[in-house]
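Here's the structure, in structure tokens; my notes come after.
What you see is a predicted model, and the numbers here were worked out from it, not measured in a lab.
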Amino acid sequence: MKLDLVLRELHRAETALAKDLRKASDRHHAEHEIHHLARDLAGWSAAHVRDIARAGRAHGLDLAEDVPGPGPLEPLRTALSELGGRRPEPGLVLLADLRRLHRRAAGVSLDWELLAQAAQAARDRELEELASRCHPRTLRQLKWTNAMLKVLSPQILTS
């Protein structure tokens, strides 16, 4: 079986999503809703990473349980966000970040779907339960990015 491959890819993708959400939160500190919600959603992905790592042990994997912390550039991103304020250019950067997050969350959602299908076929109840618990949160991350793009893009793109 290749469940270990799916778990490894899902772990990589959730880790990347958590990091990207944190970066977006830092970069758009002046946009309070983006800043706080992206931080919360990054926490969901970090919890998924821990759960995947724990489940991976049963499949012979040694995956990290923690998402690496912010790098040395976090204070700089936050400071630039504050300086940039609400000028049009930061709006375009925000749309680009939301598009990137949306695509990343869509990929993670697909990986959860693959894991759920494979776990069902293999009759692995633990992995089925993991997917059924975590995938809905990923779908909410995807819906949030989509909603933010719909709300923010008209104003940013027509101003």
Would W144 and E33 count as having a side-chain donor-acceptor pair, cut-off 3.5 Å? no
Spell out, yes or no, whether L127 and L5 are grouped together once hydrophobic residues are joined by side-chain heavy atoms under 4.5 Å, including indirect joins. no
Report the distance from atom NE2 of H48 to atom OG1 of T138, rounding to the nearest 0.5 Å. 5.0 Å
Nearest 0.5 angstrom please: R104 CZ to S109 OG, how far? 14.5 Å
For a quick test of reading the model, state the closest non-hydrogen atom pair linking P68 to R22 and the distance between them. O-NH1, 3.2 Å
Residue pair L157 / L92, side-chain heavy-atom distance below 4.5 Å: yes
Taking all heavy atoms of V49 and all of E65, pick out the closest pair and write down the distance. CG1-O, 3.9 Å
Taking all non-hydrogen atoms of both residues, which atom of L63 and which atom of A53 are closest, and how far apart? O-CB, 3.4 Å
Cluster link L139 to V6, ILVMFWY, side chain under 4.5 Å: no
Give the cluster check for L41 versus L95: same hydrophobic cluster or not, with ILVMFWY residues linked at side-chain heavy-atom distances below 4.5 Å. yes
Could you state the interatomic distance from CD1 (I52) to CZ (R50), rounded to the nearest 0.5 Å? 11.0 Å
Output yes when D97 and R100 qualify as a salt bridge under the 4.0 Å nitrogen-oxygen rule, no when they do not. yes
L149 versus P154, closest heavy-atom pair with distance: O-CD, 4.3 Å
If we ignore hydrogens and angles and just use 3.5 Å, is the side chain of S45 paired with the main-chain N or O of A42 as donor and acceptor? no
From CG (D20) to CZ (R27), nearest 0.5 Å: 9.0 Å
Find the distance between CZ (R39) and NE2 (H35) and round it off to the nearest 0.5 Å. 6.0 Å
For the residue pair A46 and V67, what are the closest heavy atoms and their distance? CA-CG2, 3.9 Å
In Å, rounded to the nearest 0.5 Å, how long is the span from CG of D111 to CD of E9? 5.0 Å
List the atom of D51, the atom of C134, and the distance in Å for their closest heavy-atom pair. OD2-SG, 4.0 Å
Using 30° and 60° as the class limits, which term best fits the ring planes of H32 and H29: parallel, tilted or perpendicular? perpendicular
Give the intermediate values and the outcome of side-chain contact (heavy atoms from CB on, under 4.5 Å) for residues R8 and H11. CA-CA 5 Å; R8 191 182 317 277; H11 183 270; 5.7 Å; no
Is there a path from L37 to L98 through hydrophobic residues (I, L, V, M, F, W, Y) whose side chains come within less than 4.5 Å of each other? yes
Check against side-chain contact (heavy atoms from CB on, under 4.5 Å), Q141 and T145: CA-CA 6 Å; Q141 291 170 320; T145 58; 5.8 Å; no
In terms of heavy-atom contacts, does CZ of R99 have more than 12 from other residues, nucleotides or ligands at under 6.0 Å? no
I want to check something: taking the side chain as every heavy atom from C-beta on, are R125 and E128 in contact at a cut-off of under 4.5 Å? yes
Pairwise side-chain contact, N146 with K143, heavy-atom cut-off 4.5 Å (strictly under): no
Under 4.5 Å between side-chain heavy atoms, hopping through other hydrophobics if needed: is there a path connecting L110 to L142? no
Between E14 and L17, is the side-chain contact (heavy atoms from CB on, under 4.5 Å) condition met? List the steps. CA-CA 5 Å; E14 281 282 11; L17 179 57; 4.2 Å; yes
